[in-house]
Visitor: 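Below: one structure in structure tokens.
All chains are named by letter (A, B, ...) in the order of the sequence lines, taking the proteins before the strands, and each is independently numbered beginning at 1. Remember, predicted model here, so these are calculated numbers, not experimental data.
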There are 4 protein chains.
Amino acid sequence: MARVPRQNRSKATVDAIIQAALMVLAKEGPNAATTRQIADLAGIGVGSLYEYFDNKEAIFEAAAKRFVDDTVAMIQPLAPRLVRMEIRDLIHELLYNFRDFLEKNDQLYLRCARHAFTIDMAVYQEPINRVLMDLFMQYLLYHPELTKLKNIPAAIYCYINGSVYTVVKHLSEENSIISFEELVTALADMLHSYTTTELVK
Amino acid sequence: MARVPRQNRSKATVDAIIQAALMVLAKEGPNAATTRQIADLAGIGVGSLYEYFDNKEAIFEAAAKRFVDDTVAMIQPLAPRLVRMEIRDLIHELLYNFRDFLEKNDQLYLRCARHAFTIDMAVYQEPINRVLMDLFMQYLLYHPELTKLKNIPAAIYCYINGSVYTVVKHLSEENSIISFEELVTALADMLHSYTTTELVK
Amino acid sequence: MARVPRQNRSKATVDAIIQAALMVLAKEGPNAATTRQIADLAGIGVGSLYEYFDNKEAIFEAAAKRFVDDTVAMIQPLAPRLVRMEIRDLIHELLYNFRDFLEKNDQLYLRCARHAFTIDMAVYQEPINRVLMDLFMQYLLYHPELTKLKNIPAAIYCYINGSVYTVVKHLSEENSIISFEELVTALADMLHSYTTTELVK
Amino acid sequence: MARVPRQNRSKATVDAIIQAALMVLAKEGPNAATTRQIADLAGIGVGSLYEYFDNKEAIFEAAAKRFVDDTVAMIQPLAPRLVRMEIRDLIHELLYNFRDFLEKNDQLYLRCARHAFTIDMAVYQEPINRVLMDLFMQYLLYHPELTKLKNIPAAIYCYINGSVYTVVKHLSEENSIISFEELVTALADMLHSYTTTELVK
DNA sequence: GATGAATGAGCTTTCATTCAT
DNA sequence: TATGAATGAAAGCTCATTCAT
């Protein structure tokens, strides 16, 4: 039976397991990843895995949660600055930060994200989408003229989902036909043109 | 060693295997799908799988190819009509056809597509992206004024990848915050506004 | 149910199967050899194998019999000449003929023989041992002074078994510490010295 | 991945596996022997086999090595006594010891040896041949007059290979035409006559 | 609490054999 | 008679999970 660890020692072990799970996930993908690999990388015995998690899936859930929390934690502090920017600059700033986040630690998170777009894992994407949605909502407060846009929720829904997927896919491509800068500019321009023309009749 | 089926009987068996593979893929996802399930669903013995395919992976490749080919075959005949339409109507027409395609046969293809966004499977998405890219390129021939748009390849790259993913994700959601019609309209408007404002300086 | 073939066509097919079995046996060994390989090499369908043989083992038995019969047929005609020779010349002549027999057809029979020393296959070696025993018995008729040797059956038993195995083993070795000529001379000398000293008290 | 057993418990398991493998090998031969049989006989689960060995072949290799090591260990301590004996007594002593070794444990090793003469397994016979060769070489030191024999390596090569095979074959025969005593005497006499007559010219 | 040896269900794959054509 | 597609038992092997230490 998995227990909630309260001591520091335990917390450190849980952390090591999650970190190891992320690394194994990044390297092998979710199918090939084994509990033995995770335990070895975490520097503990396989049995200990089950002291902290009910089963393998619970470990991956925790790893996914970690990924999502870190992503949210990366975005949230940017908000105060972003909401005051011109829309195209916002997108630039946001996506370059997103890229840096994905590529740090030898692309640890990028390689995890590659496997994350199975729609089954959409539950985990939810918080990321929400924080981005919040960002855009706050943006509206600072730019009230935009509230006249048609069907804002639908537009945001499309833009967020499409952009996140497109960025991850692009970064995962060995030889893309376009550069990251071109990608970002295109995404920025698309949102900019939308916000300047699609007003409610 | 897999052999090339020559007789009609054999061809039917290969078809049954691919169909069964798609159904198992749709129901279980690529990890949980087993050869036994495929054989059972195809109504044949496990051994027969290996008369036509070298291994399990080859079966899934064939299934993925079938999905992609069918998708392309669904889009291609629409092209002549679509390229003559106004851009928002094009998107509407295209995406409603796409939805019907994904939802037929008890959402067979939609449920397969849910698993297809693992970036590892991007190889299989390639032909779909290409046929859509071709569609937009042809569209330019019929609407020459659009050739003045900034960085067309980048815009198309973002739009196609983002839209396809967003549509599949939306259709997979049980209770979405927006309706399909709203989604389509938002995507259509976004492209429309981009084409009317983002001209080369 | 396997049938005894009486027509020429059938006999040719049986022959082709046996030949194919020997070749597959030589190349793959008895474990890795499959019915499909045999059928392919024989130029017939797998099903046809079972028109002439009850099962795979029966094919191998027939192949073993063929090998044995050919070996006996190789030795028998040599006998009239060999029995008149001096004992060392007999061994030389016999073993060089044996070597040629084993190495013809790209070592077909040598490679089969390598697998034949499993003592389980001793049944098949029997006729070979017998023809060699007959040879030595005939030899005694032409050299009556040898009948005074101690325990002739035991000596022949040891000499035949030991020599045949040693020759096949030696020919199978890539880099032997001794040459074939040295091997033959040693075996010849050993028998010669035995026949000149070990007389019944 | 096989791990090196460190604990006593593990070492006992490895031993049980090797012992079981020898028994299965003895009963079924190398082809028919399955991993399940070995595991059952060893009283462990199939999975445990793979805790200690990379694959089935590695188990058989270890079993073969055990057989060879034990054979060598049986012969080696005899050497000091044998090298001082008259040659015929040496052969008697050696072969009777060999027989006892092969027949102990319900003929465990004899039944393994029956399968070992596939020339492919000659690699494993090597150490046995070498220890016997060493024995004869030492014998020469104690009987310097024998160094005048013609081509000693060739003679030893033939004698060792031939004798070992002949003994194993004879012991495996249900109803042999000669007794073990006759066999041993014949082999002893053969070597004795060779050593007394075949001197370098 | 931590371990890792042990487990065995269940996977993919092979292949001798059958039988409708 | 000849075929080869179909079969399915059985093989080798993996790995999440357990539990005695």
Side-chain angles (χ1 to χ4, degrees), chain A residues 1 3 5 7 9-10 13 31-40 43-59, chain B residues 1 3 5-7 9-10 12-14 31-39 42-57 59, chain C residues 1 3 5 7 9-10 13 31-40 43-59, chain D residues 1 3 5-7 9-10 12-14 31-39 42-57 59:
Chain A
M1 194 67 44
R3 44 165 63 221
Q7 306 171 10
R9 173 100 177 288
S10 300
T13 305
N31 313 339
T34 71
T35 49
R36 190 119 83 169
Q37 281 176 304
I38 296 171
D40 285 351
I44 61 169
V46 262
S48 305
L49 252 33
Y50 292 85
E51 292 286 331
Y52 299 104
F53 296 94
D54 279 334
N55 50 39
K56 192 191 173 191
E57 211 193 301
I59 298 174
Chain B
M1 197 70 40
R3 11 186 88 210
R6 262 165 254 154
Q7 306 176 9
R9 175 114 169 276
S10 303
T13 305
V14 168
N31 312 339
T34 71
T35 50
R36 196 108 60 173
Q37 280 175 305
I38 297 172
I44 60 170
V46 262
S48 303
L49 254 33
Y50 293 86
E51 290 280 332
Y52 302 107
F53 296 94
D54 279 334
N55 50 43
K56 191 194 176 190
E57 210 194 302
I59 298 173
Chain C
M1 194 67 44
R3 45 166 60 221
Q7 305 170 12
R9 173 98 177 288
S10 301
T13 306
N31 312 338
T34 70
T35 50
R36 190 119 84 170
Q37 281 176 304
I38 296 171
D40 286 352
I44 60 170
V46 263
S48 305
L49 252 34
Y50 292 84
E51 291 286 331
Y52 300 105
F53 295 94
D54 279 335
N55 50 41
K56 191 191 174 192
E57 210 194 303
I59 298 173
Chain D
M1 195 72 39
R3 11 186 88 209
R6 261 166 253 155
Q7 305 176 10
R9 175 118 170 273
S10 303
T13 304
V14 167
N31 312 337
T34 71
T35 50
R36 197 106 60 171
Q37 280 176 306
I38 296 172
I44 59 169
V46 262
S48 303
L49 254 32
Y50 294 88
E51 288 280 332
Y52 302 106
F53 296 94
D54 278 332
N55 49 43
K56 190 193 175 191
E57 211 193 301
I59 298 174

Visitor: For B/Ala33, which contact category applies under a 4.0 Å heavy-atom criterion: base, sugar-phosphate, or nothing?
Guide: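 Sugar-phosphate: the residue B/Ala33, judged by heavy atoms under 4.0 Å, touches backbone atoms but no base.
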Visitor: Indicate whether OP1 or OP2 belonging to F/dA5 is found under 4.0 Å from a side-chain N or O atom of B/Thr13.
Guide: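 Checking F/dA5 against B/Thr13, no side-chain N or O comes under 4.0 Å of OP1 or OP2.
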Visitor: Taking side chain to side chain contact (heavy atoms under 4.5 Å, CB included) as the definition, give me every residue that meets it alongside C/Thr35, ordered by chain and number, with sequence neighbours left out.
Guide: C/Val46, C/Leu49, C/Tyr50, C/Lys56
Visitor: Would you say A/Thr35 places a side-chain N or O within less than 4.0 Å of OP1 or OP2 belonging to F/dC15?
Guide: no
Visitor: Would you mind telling me which of F/dA5, F/dA16, E/dT3 lies closest to the side-chain atoms of A/Glu51?
Guide: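 So the nucleotide nearest the side chain must be E/dT3.
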Visitor: Are any of B/Tyr50's side-chain N or O atoms less than 4.0 Å away from OP1 or OP2 of E/dT14?
Guide: no
Visitor: How many whole angstroms separate atom CG of A/Leu49 from atom P of F/dT17?
Guide: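 Rounding to the nearest Å, CG of A/Leu49 and P of F/dT17 are 10 Å apart.
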Visitor: From CD of D/Gln37 over to P of F/dA11, roughly how many Å is that when rounded to an integer?
Guide: 8 Å
Visitor: Could you measure the distance from the OG1 atom of C/Thr13 to the CD1 atom of C/Ile44? Nearest 0.5 Å is fine.
Guide: 6.5 Å
Visitor: Do D/Val14 and D/Phe53 have side chains that approach each other closer than 4.5 Å (heavy atoms only, starting at C-beta)?
Guide: yes
Visitor: What pairs with B/Asn55 under side chain to side chain donor-acceptor pair (under 3.5 Å), at least two apart in sequence or on another chain?
Guide: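 Per chain and number, B/Asn55 pairs via side chain to side chain donor-acceptor pair (under 3.5 Å) with no residue.
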Visitor: Between D/Glu57 and B/Gly43, which is nearer to the 5' end of DNA chain F once each is assigned its nearest nucleotide?
Guide: B/Gly43
Visitor: Any side-chain N or O of C/Tyr52 less than 4.0 Å from the OP1 or OP2 oxygen of F/dA2?
Guide: yes
Visitor: In whole angstrom, what separates C/Ile38's CD1 from E/dA16's C1'?
Guide: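 Distance check: C/Ile38 CD1 to E/dA16 C1' gives 11 Å.
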Visitor: Can you tell me the distance, in whole Å, between the CG atom of A/Asn31 and the P atom of E/dT12?
Guide: 12 Å
Visitor: What integer distance in Å separates A/Lys56:NZ from F/dT14:P?
Guide: 15 Å
Visitor: Between protein and nucleic acid, restricted to nucleotides 8-10 of chain E and to nitrogen or oxygen atoms under 3.5 Å apart, what atom pairs and distances do you find?
Guide:
unit_1 : atom_1 : unit_2  : atom_2 : d
E/dG8  : N7     : D/Gly47 : N      : 3.4

Visitor: Using atom CG of C/Asn55 as one end and atom C1' of E/dT18 as the other, report the distance to the nearest whole Å.
Guide: 13 Å
Visitor: Find the distance between CD1 (A/Ile59) and CD (A/Glu57) and round it off to the nearest 0.5 Å.
Guide: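 So the CD1 of A/Ile59 and the CD of A/Glu57 are separated by 10.5 Å.
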Visitor: For Watson-Crick and G-U wobble pairs within 3.5 Å on both distances, what is DNA chain F written in dot-bracket notation, | included for inter-strand pairing?
Guide: .||||||||||||||||||||
